Amino acid sequence: MIGGTPWTNADDVYSHQKLDNNRYNAGLSLVYNKNKLSLSGAFQRQSRNNKGVGIIDPYIYQDSENSVSGYPGMYYVLDGEGTRPKWYTNLMGSAGIRYDFNENSVVKASYQYSKRTSGRKANYKYDAYFSEQSNGDPIEGTLQQIFNHNDIYRDGWFSNFSVDYRQKVSEQTNWTTSFIYESSDLDQTIDNKEFAYDGERYYNDDTPDFHSFQSDKTPLNAYRFVFDYHRDFDNGSALDFGIQPQWVRLDGEFVYDTIIGNNYWGDPDIESYDNNIDLKRDVYAAYVDFNGTRGKLDYALGLRMEYTDQLMTVASTEYFE
């Protein structure tokens with residue numbers, strides 16, 4: 001599939017970034033069966049761009065007693081507009097195998113992997129000024145024009161591996177067991193820059209007046225085991241019981257830093273925003289369900305027991321202070 005609106009493609013007025021709504025999708029799947037063996041595989045790719053326009057009008061009231069702006073009781077207004085293009089690309093592949101040993105037992109295994117890259121740019125030009133009203137005119141001498149360029153990038157992959165086995169004991173009884181392993185790794189960066197704007201272009205290209213950068217990284221590993229026993233009775237009732245333990249491990253790293261007009265990274269007051277987390281969660285669950293019929297009444301009884309052991313370690317708590 002190919003789509004888009006090429007007649008609307010253009011360049012951003014301020015950054016000259018190309019803007020479009022192009023979209024591309026493609027997929028392929030294969031299945032092979034012979035005797036007791038079944039094989040399958042699939043691949044898919046999706047790509048989409050999205051033009052966007054932002055109109056922004058926030059304001060910040062300056063406290064009449066505690067303001068340090070020099071304009072107590074006034075409003076700091078940011079009147080802005082610009083483009084906000086977004087895009088993402090998604091790749092996914094999967095493979096599976098099934099083998100029937102006989103009519104009573106079958107084993108299946110599958111693997112899936114997907115990777116996604118997405119992002120968003122913002123190219124905003126602001127008129128920044130102080131005013132007596134939130135929607136009023138600028139106070140003389142306070143008007144500044146600012147070009148704000150910020151990028152958000154997200155990259156991540158996810159994988160899933162599972163094995164399932166089903167055993168038919170009799171016409172009324174069977175049991176199944178499954179093991180699932182999941183893993184993922186998500187990264188994000190936000191790069192935010194502000195430049196002075198002279199009405200035609202922004203200057204100080206190499207040294208923005210303000211520059212902040214933040215990133216986070218959150219890899220995850222999870223395991224799950226399932227065992228289920230099912231029994232049908234001659235009177236139409238049925239019994240199920242099983243266990244479902246699972247284990248989750250997640251690490252997180254968060255970094256934040258700024259430059260304020262002097263090429264100096266690492267303001268000590270900002271370091272408290274850096275952090276790391278370590279999450280461990282173990283869940284042990286068991287259940288039993290009974291379904292039956294008495295006359296015109298259908299009923300179901302169930303009991304689930306669950307024990308959870310969770311610990312999250314946070315490296316820094318300075319932000320609470």
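Remember, predicted model here, so these are calculated numbers, not experimental data.
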- Message: One pair to check against side chain to side chain contact (heavy atoms under 4.5 Å, CB included): Thr218 and Phe254. What are the steps and the verdict?
- Response: CA-CA 9 Å; Thr218 52; Phe254 307 88; 4.2 Å; yes
- Verify the cluster assignment for Phe161 and Leu91: are they in a single hydrophobic cluster under the rule of side-chain heavy atoms below 4.5 Å apart? no
- Item | Worked check of side chain to side chain donor-acceptor pair (under 3.5 Å) between Asn22 and Asn49 | CA-CA 5 Å; Asn22 297 341; Asn49 292 345; over 6 Å; no
- Output for pair (Gln44 CD, Asn90 CG), nearest 0.5 Å, gives 7.5 Å
- Query: Are Tyr181 and Tyr223 near enough that their ring centres are under 6.0 Å apart?
  - Reply: yes
- In Å and rounded to the nearest 0.5 Å, what is the CG to OH distance from Leu303 to Tyr287? 12.5 Å
- Query: Which heavy-atom pair separates Thr8 from Lys51 by the least distance, and what is that distance?
  - Reply: O-NZ, 2.6 Å
- Message: Would you say CZ of Arg249 has more than 12 non-hydrogen atoms from neighbouring residues, nucleotides or ligands within 6.0 angstrom?
- Response: yes
- Note on the structure: So CG of Leu30 and CZ of Phe43: to nearest 0.5 Å the spacing works out to 12.5 Å
- Message: Does atom CD (Gln133) have a neighbourhood of more than 12 heavy atoms from anything else shown, all under 6.0 Å?
- Response: no
- Hey, quick one: are Tyr129 and Ile56 part of the same hydrophobic cluster, counting side-chain heavy atoms closer than 4.5 Å, chains of contacts allowed? no
- Message: Please say yes or no: joined through hydrophobic side-chain contacts below 4.5 Å, possibly via intermediate residues, are Ile146 and Leu143 part of one cluster?
- Response: no
- Query: Counting only heavy atoms not in Gln172, do more than 12 sit closer than 6.0 Å to its CD atom?
  - Reply: yes
- Query: Would you find a donor on one side and an acceptor on the other, under 3.5 Å apart, between the side chain of Thr177 and the backbone of Val226?
  - Reply: yes
- Full working for side chain to side chain contact (heavy atoms under 4.5 Å, CB included) between Arg166 and Asp164: CA-CA 7 Å; Arg166 182 176 184 274; Asp164 303 278; over 6 Å; no
- Message: Under a plain distance cut-off of 3.5 Å, with no hydrogens placed, do Asn150 and Arg120 share a side-chain donor-acceptor pair?
- Response: yes
- Message: Ignoring hydrogens and geometry beyond distance, is a side-chain donor-acceptor pair present between Asn192 and His149 at under 3.5 Å?
- Response: no
- Message: Measuring from atom OH of Tyr76 to atom OH of Tyr71, what distance do you get when rounded to the nearest 0.5 angstrom?
- Response: 11.0 Å
- Side chains of Pro138 and Phe130: does their closest heavy-atom pair fall under 4.5 Å? no
- Would the number of heavy atoms belonging to other residues, nucleotides or ligands and lying under 6.0 Å from CD of Gln145 be above 12? yes
- With a 4.0 Å cut-off, would you call Lys121 and Asp151 a salt bridge? yes
- Message: Can you confirm whether the side chains of Ser215 and Thr189 place a donor and an acceptor under 3.5 Å from each other?
- Response: no
- Task: For side chain to side chain donor-acceptor pair (under 3.5 Å), just list the numbers for Gln188 and Asp216, CA-CA rounded to whole Å, side-chain angles, deciding distance to a tenth of an Å, and then say yes or no.
- Result: CA-CA 5 Å; Gln188 176 177 258; Asp216 59 77; 3.1 Å; yes
- Query: Under 6.0 Å from the NZ atom of Lys115, do we count more than 12 heavy atoms belonging to anything else shown?
  - Reply: yes
- Looking only at atom types and distance, does a side-chain atom of Thr89 sit under 3.5 Å from a main-chain N or O of Ser47, one as donor and one as acceptor? no
- Task: Establish whether Val255 and Ile277 are linked, either directly or via other cluster members, by ILVMFWY side-chain heavy-atom contacts under 4.5 Å.
- Result: no
- Query: How many angstroms lie between CG in Asp185 and CG in Asp155, if you round to the nearest 0.5 Å?
  - Reply: 10.0 Å
- Item | Distance, nearest 0.5 Å, that separates CD1 of Ile97 from CG of Leu39 | 5.0 Å
- Message: Below 30° counts as parallel, above 60° as perpendicular, anything between as tilted: where do the rings of Tyr111 and Tyr113 land?
- Response: parallel
- Query: Does the separation of the ring centres of Phe225 and Phe179 fall below 6.0 angstrom?
  - Reply: no
- Task: Only pairs at least two apart or in different chains count here, so list each ring pair (Phe, Tyr, Trp, His ring centres under 6.0 Å) that has a residue in residues 290-309.
- Result: none
- Message: For Ser69, is there any backbone N or O sitting under 3.5 Å from a side-chain donor or acceptor partner on Ser67?
- Response: yes
- Derivation and outcome, side chain to side chain contact (heavy atoms under 4.5 Å, CB included), residues Phe213 and Tyr256: CA-CA 6 Å; Phe213 178 84; Tyr256 182 85; over 6 Å; no
- Message: For a side chain to side chain contact (heavy atoms under 4.5 Å, CB included) check, start with the C-alpha distance between Tyr88 and Gln46, then their side-chain angles and the critical distance, and finish with the verdict.
- Response: CA-CA 8 Å; Tyr88 85 84; Gln46 299 175 323; 3.8 Å; yes
- Task: Check whether Tyr59 and Tyr126 end up in the same hydrophobic cluster, where Ile, Leu, Val, Met, Phe, Trp and Tyr are linked by side-chain heavy atoms less than 4.5 Å apart.
- Result: no
- Query: Under 3.5 Å, side chain of Asp63 to main-chain N/O of Glu65, donor-acceptor pair present?
  - Reply: yes
- Message: I'd like to know if Asp298 and Lys296 make a salt bridge, using a cut-off of under 4.0 Å between side-chain N and carboxylate O.
- Response: no
- Item | Test applied, side-chain contact (heavy atoms from CB on, under 4.5 Å); reference residue, Leu239; option that passes from Asp232, Val288, Asn291 | Val288
- Query: Is the closest basic N to carboxylate O distance between Asp100 and Arg98 below 4.0 Å?
  - Reply: yes
- Query: Regarding Asp240 and His230, is there a side-chain donor-to-acceptor distance under 3.5 Å anywhere?
  - Reply: yes
- Message: Do Gln112 and Asn160 pair up side chain to side chain, a donor and an acceptor below 3.5 Å, judged on atom types alone?
- Response: no
- Message: Which heavy atom of Thr5 sits nearest to which heavy atom of Asn9, and what is that distance?
- Response: O-OD1, 3.5 Å
- Message: Test your reading of the model: is there a side-chain donor-acceptor pair from Asn275 to the backbone of Ser316, 3.5 Å cut-off?
- Response: yes
- Neighbour count above 12 (heavy atom, 6.0 Å) for Arg224 CZ: no
- Message: Within a 6.0 Å radius of atom CG on Asn221, are there more than 12 heavy atoms belonging to other residues, nucleotides or ligands?
- Response: yes
- Item | Sidechain-backbone polar pair: Gln244 side chain, Gly242 backbone, donor-acceptor under 3.5 Å | no
- Message: I'd like to know if Lys125 and Asp79 make a salt bridge, using a cut-off of under 4.0 Å between side-chain N and carboxylate O.
- Response: no
- Message: Measuring centre to centre across the rings, with the benzene-like ring taken for any Trp, is Trp87 within less than 6.0 Å of Tyr153?
- Response: yes
- Hits for side chain to side chain donor-acceptor pair (under 3.5 Å) against Arg84, two or more places apart or cross-chain, chain-then-number order -> Tyr124
- Are the side chain of Thr173 and the backbone of Ser170 linked by a donor-acceptor contact shorter than 3.5 Å? no
- Under a 4.5 Å cut-off applied to non-hydrogen side-chain atoms, are Phe241 and Trp175 in contact? no
- For the pair Phe195 and Tyr197, evaluate ring-ring contact (aromatic ring centres under 6.0 Å, His included) and give the outcome as yes or no after the intermediate values. CA-CA 6 Å; Phe195 301 88; Tyr197 184 75; over 10 Å; no
- Message: Is it the case that atom CG in Leu311 sees more than 12 heavy atoms from other parts of the structure closer than 6.0 Å?
- Response: yes
